[in-house]
Structures are given as structure tokens and as C-alpha cells.
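Shown next, in C-alpha cells, is the structure this report addresses.
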There are 2 protein chains.
Amino acid sequence: MNLLDENGMDEQQFLAQYNQKEYPCPSVAVDTVAFAISEGSQDNYRKLPSKQLCLLLIQRAGHPHIGQWALPGGFVEPDETVGSAACRELEEETGVADSYIEQLFAFSTPGRDPRAWVISVAHMALVSSGKLEAIAGSDAQSAKWFVLNASSGNGQVALSLKAGDVELSATVALNGEQLEPEIIKNDGLAFDHAKIIAYALMRLRGELEYSDLAFNLMPEKFTLSELQQVYELLSGKRLLSAAFRRKVNSFVVQTGEYTQNAGHRPSQIYVRNKE
Amino acid sequence: MNLLDENGMDEQQFLAQYNQKEYPCPSVAVDTVAFAISEGSQDNYRKLPSKQLCLLLIQRAGHPHIGQWALPGGFVEPDETVGSAACRELEEETGVADSYIEQLFAFSTPGRDPRAWVISVAHMALVSSGKLEAIAGSDAQSAKWFVLNASSGNGQVALSLKAGDVELSATVALNGEQLEPEIIKNDGLAFDHAKIIAYALMRLRGELEYSDLAFNLMPEKFTLSELQQVYELLSGKRLLSAAFRRKVNSFVVQTGEYTQNAGHRPSQIYVRNKE
DNA sequence: ATGTGATAATATCAGTATGTTATTAACTAA
DNA sequence: TTAGTTAATAACATACTGATATTATCACAT
């Protein structure tokens, strides 16, 4: 390529004199909303169907927003993609590795970080229930799984997060998938992370309908009733089991194994059908 | 908030001494894949059903990739969101305004821009056919609508772009929605824009199934046959008109107006139903 | 042993939606 | 008036869906 520009420079000369810092540039961060399903309290007999949606937060040890709870994340480095940065930060800060990760949206409202101009590429991670114990025992002391309860109405979503005696809450107004939500109320969440959590929840619910995303939240082996509970939890609707079984039938494979000591007819154990 | 960090600083002191430039930061760009449907050659009688999918490219006047064709875009500024940057650059460079714009994906593979570390947040714009003439007459001299032909097979997409006597082509391998495509072959497209175009096309086709995205490509008033042609063009499949009419019925409203001088039974003109 | 209560799994059936073909309608051009 | 063309809808068989009912299989209590 020997074309010259209006200054008579070829591409090599141009690149040699190019100085990126003439222009202002933002820091680019990643923040990850890691969802998982809690197993629920397991009375051996007459157990409660108490699965709950959980998400992973970290208590901030430094400024800004010291003491508040934030999504795991950090700054992207020059030798990695935003996706690998999200995986790296999630594992460093919380011990969660090898989970499904999806890029959601770049949050870029000016002023969203009081330190400086920071654009954050939000990600969603779905953590298989089979991996939860390992994570709980990792050495990421400040990371905690919070039980998430969300109630939506007239365009707003109220988030309630509980982990032990820590309780956080926030309300945001949704503006569709293409605009950042607005924070109406925020108690205990750092930065604009209430926005990001609400956005991720909306996307998770939306993609439920036309994808097999929910399987990433399941352990390797599961019963169809367990799978249905997860769908019901995420969609907020009660489903009829006969119809549900028909719908997921092509996405699962029977193992021939059955649950034991359940106090009722054993249920067959399935695995995900990877086509 | 009067909490102190391990250095005994409160938040105000911390922010006063914070220096962003201690850390490397990328430039953040936006690039927009603007799609539109060409009206096709209109023989008044026995006209060809020759709608085509078009996209907007700009010939680069400076280094790098001087002379090659690139997506309209540019760097994000500190006082705007990536979405407004995408709208601004698209209008500045091509005259396209007030179109539907959707954020797609942040492209961040190291080395994707030879000048420096640049992360690009790709967007997709859908331009209503009613606006095409205005744009063609704008003063954006270097912008051209290219006719896009894409053929996919065994995980690869071959792109062919034509505008007058300019012909570009590229082949990329898709890796799902969560990884950037890989460039196999590239003739005439700047940077990694072949990747971005292929990704946008995949998303456009995917969202066709479960959204009313396609209406953004239509003029305000249209017939159901025209709408069907657009769906057929984008999906690559032939559709049966009786079934198609039933499916879109709830998304459109009759106007009571009809086409004229068509050489056959007039077709009724519809507008989009905004619920 | 036998019954009770629980959930799993499937059968059944009506109503709806879908794919397909056939038919009718309305226009232009010859 | 006829041929050619596309629009629009009717008609019908099949598939899918929501809902209820039925049967299966276990743990436990009596």
C-alpha cells in the first residue's frame, strides 16, 4: 500500500507520527452480573420448592463508594478483549470460572463514574448450580451471593437484594433495550450498578422465551421439574407441566437414571441436549 | 459519606488526587452498519421484484487504510453516550438521521486498529425506504450505498458489495453471537469492518424472527406484498402469502388506500401498528 | 398389609394456529 | 373481450397448545 495522504505521507510514516493522546480517551471497564440459582432449603422429605435467583456482589474496599456493594469487574487491559477481561476479573474477584458469559451493553452515560470518564461494557454470567459450592469456598472474602427479588410494574423494576443480614434495594425505570435504565432510588449499590442489574435481568427474562439460556443455570444433571422451577422463577409465571415438558423435550436427553427417596414417584434425570 | 480508606483519605480527597492517566486507556469508537432496502428497478408494468439489501460505506480519505471503504463512525466524546456518538457520526458523515439505531457488540480484539488501542462499539441502523432519496442528495460526497449479497454455508459468510463500478468482497467465519467473527478473506474493506458487517447481518436475520425490526426498513406506507418481499429478502426464504398475512396482521393497520395502475388487482396500503 | 399424601409422567380432548392449495377479485394491456 | 398478473381470502388438513384427568411410584403412618 503506497497511497499518500494530503500531507504526502504513506501509511508507515503516518503510523510512526500518530499520537493517540492528542484525543481524550475513556477508561474501559467491564462489569459482570453473575446469576445463579440457589438450591433452596432441602428438607429431605416434604422439601420446599424454594429455588431463588441469586447474584454475586463485592463489597468495595476503596474509594469511590467505599463500603457499598458492586458488580465484579475492572479495567480492560490492552492485550485482551472485553470478554476475556470480564472472565478474568470475575475469576480473580470471586473465583467463578468456566461459566457462560454474554456481552450485554456498553454503559456510557457521562458522569457514571465520579473518578473519571469510564465506559463499562456490561456482561451477564450464568453460573451452573453444580459449581456453587466450590465458589462459596473460594478465598474471595468480600464476594457474596445475594438473593435477588424483583418486582416490576408500569415500566419500573424494584430490586431487593439480601445476603445474611445485608439488605440492599433499588428502583429503576426501564426505557427499552436500547437506552440505559434510569435510577429512581438506590440504597447500597455502587456506581450505576443498579441500572446494569436491572438491564441484565430484563435481558435474561427476554432471552428465556427464545433460547436455551436457562440450561446454563442448571447443574449437569437435573429433573424436568427442577428445570420447570427455574423457568417459573425467571419468568414469574406458573407453567403447566404437560405443556412445559412438550416444549423442552427437544432440548433434553433422558439418562435412564432416577431420583431416590423422594417420597413420591421418582423423577427421571435428564441432561442437556447439545444437538 | 465520611468513610476513610486505608490511606486515611475520604472520598473527596481521593477524587482530588485521582489521576486517570496512570493506567493505559483505549480510544473508544463507534461504527454503524446502516441497512436499507433499495426500491428496485420500477418498470411500471411487469416490474421486477428486485428489492435489495443495501448498506452504507464511506471511502477513507486518510490513513490508515486510505482509499478503502469503511463503516461510518468515529470516536466517542466525553460528553455523550456511545449511542449519541453513533447517531452524530452517522449524520455528520452520511446525512442519515432519525433512524432506528441499536447497539450490537463491542469489538475489542487487540490490534484491530493499526494506529492504537481502539475498542469499537458496533451499532446497526435501519433506514426507512422513505428516507433514501433525501440521503442520496446530501452533501456527504464519499458515502455510497452498496448492494449487499451474502451467502452463508458451513459457518462462513461470503459478503459481496457493489455500488456502481466499485466491488468489494470478504469472507468471515462466524463463532456464535458472543465471539467476534474471523476474517478469512478481505478485499477493499477497512479495519475489521468485514467482521462487523457479518455480525450485524447475523443479528438482523436473527431478530427478524421474534421482533418487528423489519418495519424500520419500510417506508411509512406500504403494501403487504412489499413487506413480505423484505422479509423474504432478509430471511432468504420464500414465504406463503396467506400465512404471512396472518402472521403480520396484528402489527399493521389498513389505511383504506390502494395502489394504482399496477396491471393487476390493487393492493391495499398499510401502516405500522404502534399498538 | 394397607391406605394416604405427595409428585412424576402421560393420556385425552377441545380449541387455536399453521402450512397449503384453491378460488375469487380487480386491474392493465392488447 | 380476453389474457395475464398480482391481491386477497376461503377452505381444509395437520400440528401445536392449554387444560384437565388419569395413572404410576414412591415414603410414611397406621
Side-chain angles (χ1 to χ4, degrees), chain A residues 39-51 208-210 212 218-219 221-233 235-271 273, chain B residues 39-51 208-210 212 218-219 221-233 235-271 273:
Chain A
E39 279 303 306
S41 46
Q42 289 246 6
D43 301 61
N44 195 16
Y45 177 54
R46 212 162 298 190
K47 70 176 176 203
L48 309 170
S50 59
K51 292 192 191 297
L208 249 205
E209 319 270 322
Y210 42 78
D212 54 356
M218 304 302 296
K221 294 176 171 192
F222 50 85
T223 67
L224 292 190
S225 303
E226 288 167 346
L227 184 62
Q228 184 175 344
Q229 282 174 40
V230 170
Y231 269 91
E232 288 177 344
L233 177 61
S235 70
K237 282 177 260 178
R238 227 44 237 292
L239 304 173
L240 294 163
S241 68
F244 179 77
R245 278 155 186 276
R246 276 193 300 237
K247 196 170 301 185
V248 300
N249 187 57
S250 63
F251 298 110
V252 296
V253 186
Q254 307 178 201
T255 62
E257 298 172 58
Y258 290 84
T259 56
Q260 306 238 321
N261 307 323
H264 53 77
R265 176 173 174 176
S267 45
Q268 188 164 178
I269 293 172
Y270 288 76
V271 294
N273 181 3
Chain B
E39 279 304 307
S41 47
Q42 290 247 2
D43 301 60
N44 196 16
Y45 178 54
R46 212 160 301 191
K47 71 176 174 202
L48 310 170
S50 59
K51 291 192 190 299
L208 249 205
E209 318 270 321
Y210 42 79
D212 54 356
M218 304 301 296
K221 295 176 170 191
F222 50 85
T223 67
L224 293 190
S225 303
E226 289 167 346
L227 184 62
Q228 184 176 343
Q229 282 173 42
V230 170
Y231 269 91
E232 289 178 342
L233 177 60
S235 69
K237 281 178 260 179
R238 223 51 233 293
L239 305 172
L240 292 164
S241 68
F244 180 78
R245 277 156 188 275
R246 276 193 300 239
K247 195 171 299 185
V248 299
N249 186 56
S250 62
F251 298 109
V252 296
V253 186
Q254 306 178 201
T255 63
E257 297 172 60
Y258 290 83
T259 56
Q260 306 236 321
N261 307 323
H264 53 78
R265 176 172 174 178
S267 45
Q268 188 164 177
I269 293 172
Y270 288 77
V271 295
N273 180 4

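Only heavy atoms go into these numbers, but all of them, side chains included; no hydrogens, no water, no symmetry mates. Quick note on labels: first sequence line is chain A, next is B, and so on, each numbered from 1.
To the nearest 0.5 Å, atom CZ of residue B:R265 and atom OG1 of residue B:T259 are 10.5 Å apart. Here CD of B:Q268 is found 11.5 Å from NZ of B:K221. Values are rounded to the nearest 0.5 Å. A distance of 7.0 Å separates CG of B:N249 from OH of B:Y270, quoted to the nearest 0.5 Å. In this structure, the separation between CD on A:E232 and CG on A:L227 is 10.0 Å, given to the nearest 0.5 Å.
When the P atom of C:dT28 is taken as reference, atom OH of B:Y258 falls 15 Å away, rounded to whole Å. The distance between atom CD of B:Q254 and atom P of D:dA7, rounded to the nearest whole Å, is 15 Å. With rounding to whole Å, B:E257 atom CD is found 16 Å from C:dC27 atom P. Rounded to an integer number of Å, the gap from CD of A:Q228 to C1' of D:dG18 is 13 Å. Atom C1' of nucleotide C:dA8 and atom CZ of A:F222 are separated by 16 Å, given to the nearest angstrom. Distance A:Q260 CD to D:dT25 P: 15 Å, rounded to the nearest Å. Atom CZ in A:R265 sits roughly 17 Å away from atom P in D:dT22 (whole-Å rounding).
Of the residues in residues 238-248 of chain B, those placing a heavy atom less than 4.0 Å from an atom of DNA chain C are B:L240, B:A242, B:A243, B:R246, in numerical order.
The side chain of B:N261 has C:dT28 as its nearest neighbour among C:dT28, D:dT25, C:dA26. Across D:dA8, D:dC26, C:dA9, the shortest atom-to-atom separation from the side chain of A:H264 is found for D:dC26. Closest to the side chain of B:P266, from the set C:dA9, C:dT7, C:dA26, is C:dA26.
Within the 4.0 Å cut-off from OP1 or OP2 of D:dT6, not a single side-chain nitrogen or oxygen of B:S225 is found.
Side-chain contact between A:K51 and A:E226: present, with at least one pair of heavy atoms (C-beta onward) separated by less than 4.5 Å.
Across B:F222 and B:V271, no two heavy atoms sit closer than the pair CZ-C, 3.9 Å.
Side chain of B:N273 to main chain of B:V253: no donor-acceptor pair is present (N/O by atom type, distance under 3.5 Å, no hydrogens or angles).
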